[in-house]
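Below, chain A is the first sequence line, B the second, and so on; all start at residue 1. Values below: all heavy atoms of this structure, side chains included; hydrogens, waters and symmetry mates excluded.
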Amino acid sequence: MPAQKPPLDPRSVINWQAPWRLKSNHDHPAVKLLKISAGTKNLKFGKIIHAHLLVSNQASENNVVENNTLLNLYAKCGQLSGAQRVFDGMRMRNVVSWGTLMAGYLHAGFCSEVLELSRDMVKVDNLRLNKYVLSTVLSSCAGDGLYCKGQQCHVYAEKSGLIFNQHVKNALVCMYSMCEDVEGAMKVFNGVPGLDVFTYNSLLTALLEHGSLSEALDVFRKLLEADVEWDGASYVGVLGLCACLKDLKLGSQVHSRMLKSGFNSDMFVNCAMIDMYGKCGEITKARKAFGSLKARNVVSWTAILAACLQNECFEEALKLFFEMETDGVRPNEYTFAVLLNSSASLSAAAYGTSLHAHIEKVGYEDFVIVGNALVNMYSRNGDIELAYSVFAKMRSRDPITWNSMISGYSHHGLGKEALTVFRDMLAAEEKPNYVTFIGVLSACGHLGLVEQGFYYLNHSMNMLGIEPGLEHYTCIIGLLGKAGQLDEAENFMRSMPVKWDIVAWRTLLNACHVQRNYRVGMRAAEVILQMDPNDVGTCILLSNMHAKFKRWDGVVKMRKLMRERNIKKEPGLSWTEIRNNTHIFIAGDNKHPESVQIQKKVRELLAEIKPLGYVPDPASALHDVEEEQKVDYLTFHSEKLAIAYALMKTPPNAPIRVIKNLRICDDCHSAAKLISKVTNRLIVIRDANHFHTFRNGICSCADYW
DNA sequence: TTCGCAAAGT
């Protein structure tokens, strides 16, 4: 029976007149058209062909190739039920039929169904996995994080020799990367010869995502040696590497390579370029890259916003945000996350709050990254209660959400609350990571839980396969120091095969300062000054310590040393936000228009707290100011001025929030405690390291900071 | 019949 002429575009190159003359099924015009429909995802057109086959009685449940093509059409177009119907109706099936259906499920995100199908394929039709099916199964393992299944596939790939197939190898590398087994991924990468650009790209991207920078650099070097041609994804990956390394030189080289190879109009590559320049501190070049874009989308706008904020061009960022909206590009969750995070590092509390309102108005509050950024913003702005209320309301959370809350509580000295959230995290079956334990260990520090801290370090982390790092060990120093076990802390440092940095030794020195252990403190200071003879913080702490022990010769010696080496401390600065305006105070400052009233207010406050036991601490005298300044320095430390001003300008009962660039000194700390009592105000001071929440005469840090 | 890429962060 001759084929009917279907209602088709006459320009079609297919010969409809004489299909019977064609020998192979593969060349059947209907099959060809179905392939075209699938390739262009044109379901409507494909359905017409399908209907035609049915009407003209050409459709046959025995024609495997034709049915596979049909199956592929529905699978590609995301019509899983249609694909499944075709599959179920086939009397004869081959590996391709199974593979096509599985690819459909994979694409729609039904990874476990893919694994089920692969089992059925072996069991029901007694077929073996080929390179296509194995790749699809591996991708499903990657998508669902099914590490063990993925490893079984690896064994099968080795045994069957399919591992030498490019796609299988790429899928394996990808599986290991997605299951966070960097070593496994690198093993396949290094062990099997013959890599293509996809392998490099997917491995590089995955390594960057997991922060394995040295391995990423390794892969990058091999990519250069391999002399394979880069595609867009290679540029994106390599630029991402430059951004993480903050390697401007390498980034510029990649830029010129990109210009030569004609990838300069690729949107993805250009966004990565803006990001790279932003992260490398080259805001001018980031701006230039953004300016030369032919089209802008929400990603490129967000990238330039982030670049501005990272480089502290705050006003420009606000201007750009406005421009973006007038340009008709709507901000999305990433844009809001960028803005929130910068208002957190700025501690622009009022801006953060107004952003929150805006976000709720446009309905972006349910995105995890936005929730995370809100938790972070409120916590960093000193409002841990609001941070928690956002956290509690979040519908979905990721490890960052939990970590932000745990470390937020820890920074605020709320160890008990931090550990409660940690327990909730475990109960929610979220896997803690490297960062989680930094927060957990510092919470143990606040609570003085030495044994528990060591248990987390030695057992819990080990069980979870998390290798402790310098930050964890430094938490342990803090933990021992806080518990007053300074000799133990020092022994721990001297016996562990850890490359301690200045921060770790300063943690010990600080503990000695608080616990008044002159002996260990001097030894710690000696080590630090060997590492960096000009470490300002240590010189000051050391001189304070001498003063505490009334070793005035030591104080004089330190002062002399600092003068000789021209070690200048940063001037003490405090700021507070009142009705959207930020007021900055410098110790002993009389340039503020209301400085007379402010100083009067400070004197009043100090007189008020004197009966409660406030005694000026001479050891703190030089904390906030240079020695040469002939001011009543103790009285007019910057945080005292800020507190006094906030008390003058805010309604009774309103909490007071102050940020200070240095550590708060003993004197201001005890004054703030008593002021919170006599004025019945909540006072939150964020200093260089901690949050101090003063309430009714007590500080959240329990006088240890 | 299969795969990878951009903006946020603790």
Nearest of [options] to any side-chain atom of [X]?
X        : options              : answer
A/Tyr132 : B/dG9, B/dT2, B/dA8  : B/dT2
A/Asp275 : B/dT1, B/dC3, B/dA7  : B/dA7
A/Ser135 : B/dT10, B/dA7, B/dT2 : B/dT2
A/Cys271 : B/dA8, B/dT1, B/dA6  : B/dA6
A/Ala337 : B/dA8, B/dA7, B/dT2  : B/dA8
A/Ala103 : B/dA7, B/dC5, B/dT2  : B/dT2
A/Asn376 : B/dT2, B/dG4, B/dT10 : B/dT10
A/Val236 : B/dT1, B/dG4, B/dC5  : B/dC5
A/Thr302 : B/dT10, B/dA7, B/dA6 : B/dA7
A/Val298 : B/dC3, B/dA6, B/dA7  : B/dA7

Please tabulate, for side-chain N and O atoms in residues 106-119 of chain A, each donor-acceptor pair with protein atoms closer than 3.5 Å (sequence neighbours left out).
from	atom 1	to	atom 2	distance (Å)
A/Ser118	OG	A/Leu115	O	2.8

Rounded to the nearest Å, what distance is computed from the [atom1] atom of residue [X] to the [atom2] atom of nucleotide [N]?
X        : N      : atom1 : atom2 : answer
A/Leu441 : B/dT10 : CG    : C1'   : 15 Å
A/Glu229 : B/dC5  : CD    : P     : 20 Å
A/Leu208 : B/dG4  : CG    : P     : 17 Å
A/Ile438 : B/dG9  : CD1   : P     : 17 Å
A/Phe220 : B/dG4  : CZ    : P     : 23 Å
A/Met405 : B/dG9  : CE    : C1'   : 16 Å
A/Asn381 : B/dT10 : CG    : P     : 14 Å
A/Leu239 : B/dA7  : CG    : P     : 11 Å

Could you check whether [X] gets within reach of a base, just the sugar-phosphate, or nothing at all, counting any heavy atom under 4.0 Å?
X        : result
A/Asn297 : base
A/Val299 : base
A/Asn165 : nothing
A/Ser407 : sugar-phosphate
A/Gly237 : nothing

Are any of [X]'s side-chain N or O atoms less than 4.0 Å away from OP1 or OP2 of [N]?
X        : N      : result
A/Lys131 : B/dT1  : no
A/Lys279 : B/dA8  : yes
A/His411 : B/dT10 : no
A/Gln310 : B/dA8  : yes

Original post:
Does A/Tyr235 have any ring pair (Phe, Tyr, Trp, His ring centres under 6.0 Å) partners at least two apart in sequence or in another chain, and if so, which?
Top reply: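 A/Tyr235 satisfies ring pair (Phe, Tyr, Trp, His ring centres under 6.0 Å) with A/Trp230, A/Phe263 once adjacent residues are dropped.
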Hey, does the side-chain of A/Asn332 have a donor or acceptor N/O within less than 3.5 Å of a partner on the base of B/dA7?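 For A/Asn332, whose side chain was compared with the base of B/dA7, there is a donor-acceptor pair (under 3.5 Å).
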- [ ] If the plane angle is over 60° it's perpendicular, under 30° parallel, otherwise tilted; pick one for A/Tyr364 and A/Phe336.
- [x]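 A/Tyr364 vs A/Phe336 ring planes: tilted.
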key: A/His167 and A/Tyr132: CA distance, side-chain angles, deciding distance, ring pair (Phe, Tyr, Trp, His ring centres under 6.0 Å) verdict   = CA-CA 8 Å; A/His167 291 300; A/Tyr132 294 111; 7.4 Å; no
Do A/Val435 and A/Glu471 come within less than 4.5 Å of each other through their side chains, counting heavy atoms only?
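The answer is no, as the side chains (C-beta and beyond) never meet within the 4.5 Å cut-off.
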*May A/Tyr334 be described as stacking on the base of B/dA7, applying a 5.5 Å centroid limit and a 30° limit on plane angle?*
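A/Tyr334 vs B/dA7: stacking yes.
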| message | Ring centres within less than 5.5 Å and planes less than 30° apart: is that true of A/Phe268 and B/dA6 in this structure? | response |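 Check passed, A/Phe268 stacks on base of B/dA6.
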- Task: Determine, step by step, whether A/Trp301 and A/Phe321 satisfy the ring pair (Phe, Tyr, Trp, His ring centres under 6.0 Å) criterion, reporting the C-alpha distance in whole Å, the side-chain angles of both residues, the deciding distance to 0.1 Å, and the verdict.
- Result: CA-CA 8 Å; A/Trp301 276 106; A/Phe321 183 52; 9.5 Å; no
task = Would you check if there is a donor-acceptor pair between the side chains of A/Thr69 and A/Asn72 at a distance under 3.5 Å?
result =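 Not at all, the side chains of A/Asn72 and A/Thr69 share no donor-acceptor pair under 3.5 Å.
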